[in-house]
Amino acid sequence: MKHHLQQLISTALDTLRASGALDCTAPDSIVIEHTRDKSHGDFACNVAMLLAKSAKRKPRELAELIVGALPESGKVSKVEIAGPGFINFFMSPAAFTTVVGEVLERGEAFGRSTLGNGKRVQVEFVSANPTGPLHVGHGRGAAYGATVADLLAAVGFQVHREYYVNDAGRQMDILGTSVWLRYLDLCGETIPFPVNGYKGDYVWDIAASLHRENGDAFRHPAAAVFQDISPDEPAGGDKEIHIDELIARAKELLGAASYRQVFDLGLNTILADIKQDLEEFGVAYEEWYSERTLVESGKVDEAIKRLQAAGHVYEQEGALWFRSTAFGDEKDRVVVRDNGVKTYFASDIAYHMEKLERGFERVIDVWGADHHGYVPRVKAALTAMGDDPSKLDVLLVQFAILYRGGERVQMSTRSGSFVTLRELRDEVGNDAARFFYVLRKCEQHMDFDLDLAKSQSADNPVYYIQYAHARVCSVMRQLGEKGLSYDQAAGLKHLHLLTESHEQELIQALTRYPEVVEAAALSHEPHQLAHYLRELANGLHTYYNAHQFLVDDSGLRDARLALINAVRQVIHNGLSLLGVSAPESM
RNA sequence: GCGCCCGUAGUUCAGCUGGAUAGAAUAUCGGUCUCCGACACCGAAGGUCACAGGUUCGAAUCCUGUCGGGCGCGCCA
């Protein structure tokens, strides 16, 4: 509908310019808005006010010209000029009612479009280090990223969902070493566990399975493990040095092959858990991209060479630095440490370089907001290598704060007392979790009320929307029980009988759905869809309370049932994009 | 100290990227089932859009400053 009006205005402007009646610059885009007040018609356009200056005309005068040049349209019943120069469109009722048939005919495809033209977009999200189970912070990134990806796919982009697996690097070494130390403990050694080690119960579990399958094969006396190791923090030492020395000792005592075996058990166990967790959450990926593969394929060295060749790398104090300040970063960044180890940032540069090499026209990263400081340096690296940094969109997701019984749930990664995504899903269910996570703009700090999310009451927006869907299904069941029939084709022929204001409002809401999906996708704002669905559900409940659907007049009955079935379909489609189920009864 | 995000009804949040009288939900108060599911509906009340300037036909929205909250500023990942 909006697109249709844009066409009309655009044609009118072309006509005026061609005839010389108007001399002005072309507008960047023609904005058609839904009016807030129905006395202003159904849609309004502000183009006359925007062009007034360059056309050197008064807005209202310009509006007159445009309206005079508008081509005929069967969908428009009246056009008015109002206020400072708004062009208000009143649509004919028939322009809206055709949507009912469209929804029923297209079914699950209604709302989908080819707007994206098959352009390849990569969406990378979650990408949590496989050093432990996902927690509720990752959950928001998962729900948000999955929904953004699904929305983009719905409007015609070819979407590649990807999880970057940090299976190389120091944190993973710390995990592997933690597993080994717990294993030694299970072997009967007395092990003072490092402050910087991973202390979660899952590390014990992995160590236990290592011990179960290998007996004492990896056992070394505690004395040998800790001989000449610098003291840990409680003993007055540096916890970072302490853990690094323990990692080196593990590699030395175990040898490369055994160390890798312990390391991989930890990695694979946790990664399998993460994959299962996400799958149960309705989050699927096209690819799990391994950092280790990236390193082993030589991509990291290649990226550093490219920076070097471009003259943006220098050596200082034994380390290799990338001059990111030349591209707007706050300070230069190390890519190779003085001990020869490449930094995480180095693989990140290589990873993003490689993403663009794969030919994606858009690359979207969903990051936790605590990583916002990394945006300038990654973009700087792309610029330095001669890539186009504007192809990369980094979407920052704020953390959610959980509330239970009105009290803030305390979480601390340090003490290991974080709430896992799995615990959240078990407590409130997948549907509520998916919905609540995307109910707010991603850059908004969010309060997640656990009690509300699990309450099966009107207060809970998930149940409210799902109930609207179930309610339509229930009416259709009643239809059969009462021995009445429903003829969809006849219903579509009698849509003109739907003259009640509730019916008109519902029909107009249906016409908005494709616009909402499009806007939500392009602006990466799933909350727009969530809010829309709530309004649509409200429209249905209101209608239900005001009118009887199963009336004796078969024409009217068919028309009403066609309408509510169309509403049911749109609720189903919308919830499905959000990863939420649409039950037939509750 | 510097940088990024945020500040809208008692509370949680929208506000279609600068438009017409700032909207929902929730909480509070008052109504509605002999009726397709009351897991619902209707109504009332609730605001100096943090504050102060500026930009223009027009600002919650854009620019500057102040105040308040969150996060980030490693040869960690």
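Every chain is numbered from 1, with letters handed out A, B, ... down the list of sequences.
By the 4.0 Å N-to-carboxylate-O rule, A/D264 lies close enough to A/R292 to be salt-bridged with it.
Glycosidic conformation of B/U17 is syn; the angle stays within 90° of 0.
If you take atom C1' in B/G58 and the same atom in B/U17, they sit 16 Å apart, rounded to whole Å. Spacing between B/A38 and B/U32 at atom C1', rounded to whole Å, works out to 9 Å. Comparing the C1' positions of B/A22 and B/G31 gives a spacing of 28 Å, expressed to the nearest Å. Of the C1' atoms belonging to B/C16 and B/G30, the separation is 35 Å, rounded to the nearest Å. Here, B/G74 and B/A14 have their C1' atoms 40 Å apart, quoted to the whole Å. Nucleotides B/G54 and B/G18 are separated by 15 Å at their C1' atoms, to the nearest Å. Going from the P atom of B/G15 to that of B/G53 covers 28 Å, rounded to whole Å. Comparing the same atom, C1', in B/G7 and in B/A50 gives a spacing of 6 Å after rounding to whole Å.
Using a 4.0 Å heavy-atom distance criterion, A/H541 is classed as a sugar-phosphate-only contact. As judged by a 4.0 angstrom heavy-atom cut-off over every strand, A/R333 is placed among residues making no nucleic acid contact. Across all strands, A/A546 comes closer than 4.0 Å to no nucleic acid atom at all (heavy-atom distances). Here A/E330 lies in heavy-atom contact (under 4.0 Å) with sugar-phosphate atoms only. Residue contacts shown for A/D173 are absent, as no nucleic acid heavy atom lies under 4.0 Å away. Within 4.0 Å (heavy atoms only), A/F345 reaches no atom of the nucleic acid at all.
Rounded to a whole Å, the CG atom of A/D449 is 11 Å from the P atom of B/U12. If you take CG of A/L533 and P of B/A25, they are 16 Å apart, rounded to a whole angstrom. Protein atom NE2 of A/H527 is 15 Å distant from nucleotide atom C1' of B/A25, rounded to whole Å. Taking atom CZ of A/R534 as the reference point, atom P of B/A40 lies 9 Å away to the nearest angstrom. The distance from atom CG of A/L484 to atom P of B/C36 is 13 Å, rounded to the nearest whole Å. Between A/Y344 atom OH and B/G74 atom P the separation is 16 Å, expressed in whole Å. One interatomic measurement links the two molecules: CD of A/E535 to C1' of B/A14, which rounds to 9 Å at whole-angstrom precision.
Side chain of A/K331, nearest nucleotide from B/A27, B/C73, B/U12: B/C73. With distances taken from any side-chain atom of A/A319 to the nucleotides B/C75, B/C41, B/A38, the minimum falls on B/C75. Distance from the side chain of A/F86 is smallest to B/G19 among B/U17, B/G19, B/C16. With distances taken from any side-chain atom of A/V31 to the nucleotides B/U17, B/C5, B/G19, the minimum falls on B/U17. Distances from the side chain of A/R471 to the nucleotides B/C5, B/A40, B/U12 place B/A40 closest. Closest contact between the side chain of A/R440 and the listed nucleotides B/C13, B/C6, B/G19 involves B/C13. Among the nucleotides B/C42, B/G69, B/U17, the one closest to the side chain of A/H445 is B/G69. Of the candidates B/C36, B/G19, B/A14, B/A14 carries the atom nearest the A/K441 side chain, counting heavy atoms from C-beta on. Listed candidates were B/C71, B/C13, B/C57. Nearest to the side chain of A/D447 is B/C13.
Under 3.5 Å, the side chain of A/N46 and the base of B/G19 form at least one donor-acceptor pair of N or O atoms. Contact of A/E317 with B/C75 (side chain to base): a donor-acceptor pair of N or O atoms is detected under 3.5 Å.
By the salt bridge (charged side-chain N to carboxylate O under 4.0 Å, His left out) test, A/D447 pairs with no residue at all, sequence neighbours left out. Taking A/E291 as the reference, nothing meets the salt bridge (charged side-chain N to carboxylate O under 4.0 Å, His left out) condition, with sequence neighbours excluded. Legend: residues meeting salt bridge (charged side-chain N to carboxylate O under 4.0 Å, His left out) with A/E240, ordered by chain and number and at least two apart, are A/R170.
For the residue pair A/D431 / A/Q466, a side-chain donor-acceptor distance below 3.5 Å is found, with atom types taken as modelled.
Taking the ring centroids of A/Y532 and A/Y513, they lie under the 6.0 Å cut-off.
When each of A/S585 and A/M49 is assigned the nucleotide of RNA chain B with its nearest heavy atom, A/M49 is the one assigned upstream, toward the 5' end. In terms of position along RNA chain B, the nucleotide closest to A/H372 lies nearer the 5' end than the nucleotide closest to the other residue of the pair A/G169 and A/H372.
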Show me the donor-acceptor pairs, under 3.5 Å and distance only, between side chains in residues 514-523 of chain A and residues at least two apart or in other chains.
from, atom 1, to, atom 2, distance (Å)
A/E515, OE1, A/H34, NE2, 2.8
A/E518, OE1, A/H3, NE2, 3.4
A/S523, OG, A/A519, O, 2.5

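By the 30° and 60° cut-offs, the orientation of the rings of A/H502 relative to A/Y543 is parallel. Aromatic ring orientation, A/W288 versus A/Y163: parallel (interplanar angle below 30°, classes split at 30° and 60°).
In RNA chain B, runs of at least 3 stacked Watson-Crick or G-U pairs (N1-N3 plus N6-O4 or O6-N4, or N1-O2 plus O6-N3, all under 3.5 Å) give these stems: B:1-7 with B:67-73, B:10-13 with B:23-26, B:28-32 with B:40-44, B:50-54 with B:62-66.
Taking only side-chain nitrogens and oxygens, A/Q444 comes nearer than 4.0 Å to OP1 or OP2 of B/A14.
The stretch residues 471-483 of chain A participates, sequence neighbours left out, in these side chain to side chain donor-acceptor pair (under 3.5 Å) pairs: A/Y467-A/R471, A/R471-A/H541, A/Q478-A/E481.
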